[in-house]
Amino acid sequence: MSDLSSDEATVVPSTTTKESKKEKKLRKSEKKSKSKKSKDTEEEHSEQEHEDSDDNNTKDTPEDEIEIDLSASVPLSKKQQRLLKKGKLDLDKLAKKHPIPKPANEEPSTTAPKKSEFGVWIGNLSFDTTKEDLIRFIVGKTSQFEPNNESLPKIEESDISRVNIPKKDAVKIKGFAYVDVPSINHVNSIVSLSESILNGRKLLIKNANSFEGRPAADSSGSNISKNPPSRILFVGNLSFDTSEDNLQEHFRHCGEIVRIRMATFEDTGKCKGFAFIDFKDESGPTTALKSKLAQKLINRKLRLEYGEDRSKRNPNMRKREEGVEQEGEVKEYNQREPAPVQREPEQREYRERQQDDYKPKKRVFKERKDDNKRLKSSVALATAQRASAAIVQSTGKKIKFD
């Protein structure tokens, strides 16, 4: 009996331990599920209570709604506020950089003045002239005109539909303005006020649609380049990867190309950035200067100008050097062989006599007599002591320090 009881005692605890682990896992999972359910129920209750309270509040006391002002400017940052305190920040410039956005549903204002077909240009204005000054000047001066005059009618303030004064800064103007009026007769009456004085300056008034007095553009293309027209085209601002084939293809449509002279580096042979293109006639460079297709090459904007045609400078220089005479031309001697000067016989004899009498003096070098004669370097070094290349044993005394 004792043996059985001992075996049972040993077996029972093992089964109980296994069951306890399973039970623990089950209990933990049950606790988690219960806690989740409790949390969910609590959140539902809180949401219902919150909704009920909101309903009660809306019924009893209406809450203040948040209002957003879209027309307000952008708030200043801390750095901008510091600059504003020091007086280094201009709010007008800041407002121009960051304008207030307009709402999309806003309809364009119909009261904005539209540009009229008839207008005048007023120049030589003083920099402190304002819109009111111009209106007052035009109305006051034209009030002196004869009544019932259709060619030069009086101008009232209601006749001026628009006054445009371009400005450099917030204060200064550019010195001219545009004024729109309803008819051509009103334009003529304002133009008649030219040379009148406003703010101490004589005004220059013209029709805004008239461009008389402007220089006409030259169709020959000579105004495009500073140099006179020639058959040679200078091409600058080239890429280092440019080749003569690229230039040939790029300017082939301009005319017949005789030769391309491209400056290159000696070590690499790449382009230095400029070249000269010789065309058959002047029409080639002129069309290249006018053509928009010739303005760019390999994503670089080219600098095109007329080059200097050296053949025009002295066209017969080569023939003169060779000694070939041209018709109606006196033969000139080469600079290397100057022409002999023809002298009279008396002058020649005098010159020969002078050359015979003249005998150049020979230079005589006197020897310096030095009292302290120095020995030559070879003699001085012959008696010098020679240093030995062998290791010499030291003969000094060895000193020891305590």
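Index from 1, following the sequence. Computed from a predicted model, the values in this text were never measured in an experiment.
The side chain to side chain donor-acceptor pair (under 3.5 Å) search around N164 returns none, not counting sequence neighbours. With sequence neighbours left out, F276 forms a ring pair (Phe, Tyr, Trp, His ring centres under 6.0 Å) with F234. Under the side chain to side chain donor-acceptor pair (under 3.5 Å) criterion, T264 pairs with no residue at all, not counting sequence neighbours.
Heavy-atom minimum distance, E305 versus L289: N-CD2, 4.0 Å. The minimum heavy-atom distance between V235 and F251, with the atom names listed, is CG2-CZ, 4.0 Å. Between F279 and G284 the shortest heavy-atom distance is CD2-CA, 3.8 Å. Of all heavy-atom pairs spanning R201 and N124, the tightest one is NH2-OD1, 2.7 Å. When all heavy atoms of C271 and F265 are compared, the closest pair comes out as O-CE1, 3.5 Å. Contact between V163 and I160 at its shortest, heavy atoms only, is CG2-CG2, 3.6 Å.
Residues I205 and V179 are not in side-chain contact: their nearest non-hydrogen atoms beyond the backbone lie 4.5 Å or more apart. Side-chain contact between L76 and L83 is absent, with no heavy atoms from C-beta onward closer than 4.5 Å. Side-chain contact between I232 and R261: present, with at least one pair of heavy atoms (C-beta onward) separated by less than 4.5 Å. Between I257 and L247, the closest side-chain pair of non-hydrogen atoms is not below 4.5 Å. In this structure, the side chains of D281 and R231 stay at 4.5 Å or more apart for every pair of heavy atoms. Contact of the P166 side chain with the F176 side chain is registered, since non-hydrogen atoms from C-beta on lie closer than 4.5 Å.
A side-chain N or O of R300 and one of N237 form a donor-acceptor pair less than 3.5 Å apart. Using a 3.5 Å distance cut-off with no hydrogens or angles, the side chains of H186 and S183 do pair a donor with an acceptor.
Within a 6.0 Å radius of CG in N299, no more than 12 heavy atoms belonging to other residues, nucleotides or ligands are found. Dense packing is recorded around CD of Q81, with more than 12 heavy atoms of other residues, nucleotides or ligands lying under 6.0 Å away. Counting heavy atoms of neighbouring residues, nucleotides and ligands inside a 6.0 Å radius, atom CD of Q295 exceeds 12 of them.
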Only distances under 3.5 Å count here; give the side-chain donor-acceptor pairs of residues 129-138 to other protein atoms, sequence neighbours excluded, each with its distance to 0.1 Å.
unit_1: T129; atom_1: OG1; unit_2: S126; atom_2: N; d: 3.4
unit_1: T129; atom_1: OG1; unit_2: S126; atom_2: O; d: 2.8
unit_1: T129; atom_1: OG1; unit_2: N199; atom_2: ND2; d: 3.4
unit_1: T130; atom_1: OG1; unit_2: D133; atom_2: N; d: 3.4
unit_1: T130; atom_1: OG1; unit_2: D133; atom_2: OD2; d: 3.1
unit_1: D133; atom_1: OD1; unit_2: R136; atom_2: NH1; d: 3.1
unit_1: D133; atom_1: OD2; unit_2: T130; atom_2: N; d: 3.3

Apply the test side-chain contact (heavy atoms from CB on, under 4.5 Å) to residues S196 and L203: give CA-CA distance (whole Å), side-chain angles for both, the deciding distance (0.1 Å), then the verdict. CA-CA 6 Å; S196 300; L203 302 184; 5.7 Å; no
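The distance from atom NZ of K168 to atom CZ of F127, rounded to the nearest 0.5 Å, is 5.0 Å. A distance of 11.0 Å separates OG of S161 from CZ of F118, quoted to the nearest 0.5 Å. Interatomic distance, T142 OG1 to E156 CD, rounded to the nearest 0.5 Å: 8.5 Å. Atom NZ in K141 sits 14.0 Å away from atom OG in S189 (nearest 0.5 Å). The structure places OG of S192 at 5.5 Å from CG of L152, a figure rounded to the nearest 0.5 Å. In this structure, L204 CG and L125 CG are separated by 10.0 Å, a value rounded to the nearest 0.5 Å.
Residues in residues 80-94 take part in no salt bridge (charged side-chain N to carboxylate O under 4.0 Å, His left out) pair, two or more places apart or across chains. Among pairs with a residue in residues 233-248, those fulfilling salt bridge (charged side-chain N to carboxylate O under 4.0 Å, His left out) read D241-K270, at least two apart in sequence or across chains.
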